[in-house]
Amino acid sequence: HGVNGLIIATFMAGIMLIMMGFARLGSVIKFIPHPLIIGFTSGIAVLIFSSQVKDFLGMKMGAVPADFLEKWQEYLLHFMSANGYAVAIAVATVLIILVWPKLTHKIPGSLVAILVTTAAMQWFGLPVDTIGSRYGSIPSSLPSPVIPHVNFETIKQLVQPAFTIALLGGIESLLSAVVADGMIGGNHKSNMELIAQGTANIFSSLFGGIPATGAIARTATNVKNGGRTPVAGIVHALTLLLIMLFVGKWAALIPMATLAGILVVVAYNMSEWENFVAVFKGPRSDVAVLLTTFILTVLVD
């Protein structure tokens, strides 16, 4: 349906998510069994790690395939193209993130890693991909809001895609909230989560944006750096806005290997391998649910 169709479907999905929230459908999340959540979270961790191997090693290859097995086949084929400078930056990033908390918790280790590795790369002129070289310049202003042209025929065509976006967005966001609950011992408001995500999608579409959901990787990063309340999410959003408006040209200098190093640590932290192993000591039915969820998450998505 093209970009315009995606924008309209996103707007419709936002309305559907708000309706789901008011209908209290978010409460259904409490019926999801614990082994399923562990299997899903661990599977996502494996996918995040797999998606960062190219940049962690600085391999020269085309776009990374979406399929898990194809992805690793391509990695093996291009392994010899690894960039030693990128590996050094990625490893340095991981070490800084692990060591920095022993010095202080007031400044996140990932932020220190970004500053140190970006400065080192610029100082020594290392041949490593950056955000700017990969994706171009970062815009420094917000687009004007536009209400898309909609008619009844378009709405009929887009009901199914919009419902799919709403369903996937709702599940992803609620699972992200459940994962965060497990990390901090919290208790999220599932119906309010759906209403908030719906509102976010409506505003995203008005500015030409794509569908938005709760992001497990960024949520886990936020939690690991001390985030404990919804205020952390608000600060996250405002920080991204300020980066875009005022320091986008410097953010474009950040090495992709640095971001890969950060996400490798995030993947390890959210893998919950101790809980994963612990499930094997329980009933066989729990093990079956765990492995089925894990395998489907990794291999089928």
Side-chain angles (χ1 to χ4, degrees), residues 3 6 38-98 110 113-114 117-118 120-121 125-138 164-165 168-169 171-172 175-176 179 210-213 215-221 251-273 276 290-301:
V3 174
L6 175 62
I38 294 175
F40 176 78
T41 307
S42 300
I44 292 291
V46 170
L47 291 178
I48 291 173
F49 172 80
S50 299
S51 69
Q52 299 307 309
V53 172
K54 172 188 174 182
D55 290 328
F56 195 97
L57 300 179
M59 290 189 287
K60 298 296 180 185
M61 56 184 286
V64 178
D67 182 78
F68 178 78
L69 296 178
E70 288 182 20
K71 192 176 286 167
W72 280 96
Q73 287 174 355
E74 288 297 310
Y75 289 156
L76 292 174
L77 288 174
H78 295 86
F79 181 76
M80 298 307 295
S81 67
N83 181 341
Y85 295 111
V87 175
I89 287 175
V91 171
T93 299
V94 172
L95 292 176
I96 290 172
I97 293 174
L98 295 178
S110 52
I114 288 174
T117 55
T118 302
M121 193 204 74
L126 303 179
V128 177
D129 280 354
T130 64
I131 292 177
S133 67
R134 177 75 59 83
Y135 301 110
S137 59
I138 297 175
T164 304
I165 291 171
L168 289 174
I171 292 170
E172 178 84 5
L175 282 173
S176 178
V179 170
I210 63 174
T213 75
I216 294 176
R218 282 179 299 174
T219 299
T221 305
L253 301 177
I254 298 172
M256 296 301 297
T258 298
L259 300 183
I262 292 171
L263 283 170
V264 164
V265 175
V266 169
Y268 175 78
N269 286 335
M270 68 181 293
S271 65
E272 298 192 15
W273 65 268
F276 192 95
L290 173 79
L291 292 179
T292 302
T293 307
F294 178 79
I295 292 170
L296 287 175
T297 301
V298 172
L299 298 182
V300 184
D301 192 7

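Just so you know, residue 1 is the first one in the sequence shown, and it goes up from there.
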Smallest separation among heavy atoms of Ile138 and Ala252, with atom names: CD1-N, 4.0 Å

Nearest 0.5 Å please: distance from the CG atom of Asn83 over to the CG atom of Asp55. 11.0 Å

Between Val128 and Pro255, what is the shortest heavy-atom contact and its length? CG1-CB, 4.2 Å

Would Met270 and Ile44 count as a side chain to side chain contact (heavy atoms under 4.5 Å, CB included) if you check the C-alpha gap in whole Å, the side-chain angles of each, and the deciding distance to 0.1 Å? CA-CA 8 Å; Met270 68 181 293; Ile44 292 291; 3.9 Å; yes

Any Leu168 side-chain heavy atom under 4.5 Å of Pro211 side chain: no

For Leu98, does the CG atom sit with more than 12 other heavy atoms under 6.0 Å from it, leaving out its own atoms? yes

Can you name the closest pair of heavy atoms from Glu74 and Pro65 and give their distance? CG-CG, 3.6 Å

Once rounded to the nearest 0.5 Å, what's the spacing between atom CG of Leu296 and atom CZ of Phe40? 11.5 Å

With distance as the sole test, does Ser42 use its side chain to make a donor-acceptor pair with the main-chain N or O of Ser271 at under 3.5 Å? yes

Just wondering, more than 12 heavy atoms not from Tyr85 lying within 6.0 Å of its OH? no

Closest non-hydrogen atom pair, Ala113 against Thr258: O-CG2, 4.2 Å

As a quick check of understanding, evaluate ring-ring contact (aromatic ring centres under 6.0 Å, His included) for Phe294 and Phe276, giving each step before the final call. CA-CA 10 Å; Phe294 178 79; Phe276 192 95; 5.3 Å; yes

Using atom types as modelled and distance alone, determine if a side-chain donor or acceptor of Thr93 lies under 3.5 Å from a backbone N or O of Gly261. no

For Met121 and Ile89, what are the C-alpha separation, side-chain angles and deciding distance, and is it a side chain to side chain contact (heavy atoms under 4.5 Å, CB included)? CA-CA 8 Å; Met121 193 204 74; Ile89 287 175; 4.1 Å; yes

Within this structure, what is the CE-CG distance for the pair Met59 and Leu76, rounded to the nearest 0.5 Å? 8.5 Å

Do Leu259 and Ile131 come within less than 4.5 Å of each other through their side chains, counting heavy atoms only? yes

Donor-acceptor pair, distance only, cut-off 3.5 Å: does the side chain of Lys54 make one with the backbone of Gly62? yes

For the pair Thr219 (side chain) and Ala215 (backbone), establish whether a donor and an acceptor sit closer than 3.5 Å, ignoring hydrogens and angles. yes

In the structure I gave you, are the side-chain heavy atoms of Thr297 and Leu47 within less than 4.5 Å of one another anywhere? yes

Does some side-chain heavy atom of Val53 sit less than 4.5 Å from a side-chain heavy atom of Val64? no

Would you please say whether a donor-acceptor pair under 3.5 Å links the side chains of Trp72 and Ser50? yes

Could you grab the distance from atom OG1 of Thr221 to atom CG of Asn269, nearest 0.5 Å is fine? 8.5 Å

Above 12 or not: heavy atoms from other molecules or residues under 6.0 Å from OH of Tyr75? yes

Between Ser176 (side chain) and Glu172 (backbone), is there a donor-acceptor pair under 3.5 Å? no

When you look at Phe56 and Val94, which way does the side chain to side chain contact (heavy atoms under 4.5 Å, CB included) test go after all the steps? CA-CA 10 Å; Phe56 195 97; Val94 172; 4.0 Å; yes

Evaluate the side-chain proximity of Phe68 to Val300: yes if any heavy-atom separation is below 4.5 Å, no if none is. no

If you define the side chain from C-beta out and look only at heavy atoms, does anything of Tyr135 sit under 4.5 Å from Met256? yes

Taking the side chain as every heavy atom from C-beta outward, state whether Leu57 and His78 have any pair of such atoms under 4.5 Å apart. no

Are Phe49 and Val266 packed together at the side-chain level, in the sense that at least one heavy-atom pair is separated by less than 4.5 angstrom? no

Pairwise distance OG1(Thr130) to CD1(Ile254) - rounded to 0.5 angstrom: 9.5 Å

Taking all heavy atoms of Gly58 and all of Ala86, pick out the closest pair and write down the distance. CA-CB, 3.6 Å

Mark yes or no for whether Asp67, through its side chain, and Glu70, through its backbone, hold a donor-acceptor pair below 3.5 Å. yes

Without swapping roles, check the side chain of Ser133 against the backbone of Asp129 for a donor-acceptor pair under 3.5 Å. no

